[in-house]
Amino acid sequence: MLPAAQQLLRGCRRRWRAPQPLVLLAAPLRRESGGFLPADRLQMLCLRQTGNLRHHRRALYSTLVPSDEVTVHYKHGLPAITLTLPSRKERCQFTVKPMLMTVGAFLQDIQREDNAIEKVEVFTADGSMISSSTLMEVLLMNDFKLVINGAEYSVHPPLKDQMSTEHKLEMDDIKSMVHKLFTALHLEDHQTRRERELMQKMELLKEELLPLEQLKAGITTDVDAKTSRLLWIGLALMSTQGGALAWLTWWVYSWDIMEPVTYFITYGTAMAFYAYFVLTKQDYIYPDARDRQFLHYFHQKSKSQNFDVDQYNKLKDDLAEVEESLRRLKNPLQLRLPIEEINDKH
């Protein structure tokens with residue numbers, strides 16, 4: 001080795017120095033015959049001071065996950081959340097279905113896995129509590145905090161690769177096709193099961209309504225007769241009034257005397273009709289007035305007969321709803337029947 005290079009290396013063994021610029025050394029080379037090369041043909045030797053490798057310090061880093069950290073990674077396309085169970089101090093992995101599983105279901109799975117977990121909650125990065133009905137897909141979009149028995153863990157979900165527009169459209173088409181296949185395979189069973197349930201519910205409602213219908217029929221008969229008697233009494237009073245005015249006009253007094261009397265009777269009748277409108281907010285129309293009086297007598301009779309009008313109306317509404325559901329269930333379009341069969345039914 002050249003003398004200058006040997007001296008430099010010996011100095012590097014004794015102490016370590018910071019890297020310095022390149023040092024260019026010129027070493028004369030001997031010819032084969034023992035002579036030296038000319039000065040313009042000297043060979044240049046480039047050296048860099050690197051120091052003793054024994055004095056180099058290196059930092060040691062570990063790729064192992066700390067035992068108390070909550071991690072999220074995707075496995076076979078599904079997110080897997082790994083955490084440490086408080087009681088056993090063991091790492092446990094939970095695989096979730098983002099589009100089907102809610103935050104509440106995920107927290108229940110954690111509590112079922114370790115009975116020592118008394119309370120587990122999920123918060124956003126800014127401290128806002130996340131509802132149990134939130135889908136896991138929404139939760140894993142951003143960083144969140146998992147609090148287990150008061151211990152807080154910061155979770156940083158990895159960014160999931162965004163699907164391209166063409167891939168999304170293909171997935172939507174596949175989902176639509178799967179839904180159509182499922183509907184085609186299970187529609188008949190669903191229709192039959194739903195129809196059976198509605199028929200059973202309708203039979204139960206009819207059984208509950210039967211005694212009420214019988215009691216209502218008796219009350220309706222009595223009230224209808226009472227309302228009819230009231231109408232006939234009104235007709236009799238009007239006939240009596242007309243006959244009295246005629247007798248007073250032609251046999252007792254003259255028209256000059258009875259004319260003011262008939263005027264005030266007519267004016268009083270108009271005031272009575274106006275008072276009816278003020279009290280009922282309805283015009284005095286004979287069918288409406290009869291129905292109003294019928295309902296008045298009906299409620300009076302119902303209280304005396306212990307007939308629960310509210311329960312009867314509720315049962316009737318439930319029965320009408322069941323019948324409407326049956327009608328819609330048997331609709332040809334709902335059953336996906338052919339056009340010819342639909343036209344025959346109509």
Side-chain angles (χ1 to χ4, degrees), residues 102 104 132-133 182-241 269-338 341-346:
T102 60
S132 298
S133 59
F182 179 83
T183 303
L185 294 175
H186 297 83
L187 178 61
E188 185 176 356
D189 295 339
H190 172 72
Q191 296 281 358
T192 304
R193 183 173 61 256
R194 181 60 177 166
E195 184 177 359
R196 188 184 302 110
E197 292 175 356
L198 291 175
M199 293 295 293
Q200 292 176 356
K201 186 176 181 181
M202 186 171 62
E203 292 297 330
L204 293 176
L205 291 175
K206 287 183 177 180
E207 291 179 0
E208 294 181 10
L209 276 172
L210 182 59
L212 297 177
E213 289 285 1
Q214 294 175 354
L215 184 58
K216 175 180 175 293
I219 296 175
T220 302
T221 302
D222 296 340
V223 171
D224 188 67
K226 189 175 181 178
T227 306
S228 299
R229 283 196 301 269
L230 181 63
L231 295 177
W232 283 106
I233 290 173
L235 179 60
L237 291 176
M238 293 180 66
S239 301
T240 303
Q241 179 184 352
T269 305
M271 289 180 61
F273 290 158
Y274 183 75
Y276 177 86
F277 171 77
V278 172
L279 294 175
T280 63
K281 303 299 185 294
Q282 295 178 353
D283 294 334
Y284 188 81
I285 302 174
Y286 292 117
D288 295 343
R290 181 193 181 281
D291 294 340
R292 184 180 182 84
Q293 193 62 38
F294 176 86
L295 292 175
H296 177 68
Y297 288 153
F298 183 85
H299 283 279
Q300 286 184 346
K301 190 74 172 178
S302 299
K303 291 180 180 179
S304 62
Q305 296 289 334
N306 296 325
F307 177 76
D308 193 347
V309 179
D310 295 334
Q311 182 183 3
Y312 175 80
N313 291 333
K314 183 180 182 304
L315 292 175
K316 291 291 289 185
D317 293 340
D318 293 343
L319 181 61
E321 183 179 355
V322 171
E323 291 177 349
E324 177 65 17
S325 299
L326 277 174
R327 186 188 64 80
R328 294 178 58 187
L329 189 65
K330 295 180 179 180
N331 189 3
L333 293 178
Q334 184 71 16
L335 294 174
R336 302 177 184 272
L337 296 177
E341 190 169 352
I342 294 176
N343 295 332
D344 293 341
K345 288 181 177 294
H346 287 285

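Counting from 1, the numbers follow the sequence of the chain as shown. Both backbone and side-chain heavy atoms feed into the values below; hydrogens, waters and symmetry mates do not.
Side-chain contact between Arg196 and Met199: absent, with no pair of heavy atoms (C-beta onward) separated by less than 4.5 Å. Counting heavy atoms from C-beta on, the side chains of Ile219 and Ser302 come closer than 4.5 Å. Put simply, the side chain of Val223 does not reach to within 4.5 Å of the side chain of Gln300, judged on heavy atoms. In this structure the side chain of Tyr276 reaches within 4.5 angstrom of the side chain of Arg292, judged on heavy atoms.
In this structure, the salt bridge (Lys or Arg N to Asp or Glu O under 4.0 Å) partners of Asp224, at least two apart in sequence or on a different chain, are Arg290.
Salt-bridge formation is detected for the pair Lys314/Asp318: a Lys NZ or Arg NE/NH1/NH2 atom is positioned less than 4.0 Å from an Asp or Glu carboxylate oxygen. Glu203 and Lys206 are not joined by a salt bridge, as no carboxylate oxygen comes within less than 4.0 angstrom of a charged side-chain nitrogen. A salt bridge links Glu213 to Lys316: at least one charged side-chain nitrogen sits closer than 4.0 Å to a carboxylate oxygen.
The residue from Leu204, Asp308, Leu205 that alone fulfils the side-chain contact (heavy atoms from CB on, under 4.5 Å) condition with Leu315 is Leu205.
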Original post:
Stepwise, does the side-chain contact (heavy atoms from CB on, under 4.5 Å) test hold for Val309 with Lys216?
Top reply: CA-CA 9 Å; Val309 179; Lys216 175 180 175 293; over 6 Å; no

Subject >> Verdict with reasoning, Ser133 to Thr102, per side-chain contact (heavy atoms from CB on, under 4.5 Å) >> reply: CA-CA 6 Å; Ser133 59; Thr102 60; 5.5 Å; no

**OP:** I would like to know whether Asp291 and Leu295 meet side-chain contact (heavy atoms from CB on, under 4.5 Å); could you show each step before the answer?
**Re:** CA-CA 6 Å; Asp291 294 340; Leu295 292 175; 5.6 Å; no

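For the residue pair Leu212 and Phe307, the shortest heavy atom distance occurs at O-CE1, 3.4 Å. Nearest heavy-atom pair, Met202 versus Leu319, reported as atom, atom and distance to 0.1 Å: CG-CD1, 3.5 Å. Shown here for Leu326 and Glu195, the closest heavy-atom pair between the two residues is CD2-CG, 4.0 Å.
Looking at Asp283, its side chain never comes within 3.5 Å of a backbone N or O of Ile285 through a donor-acceptor pair.
With values rounded to the nearest 0.5 angstrom, Tyr297 atom OH is found 6.5 Å from Thr227 atom OG1.
Ring planes of Tyr284 and Phe273: parallel class, angle under 30° (limits at 30 and 60°).
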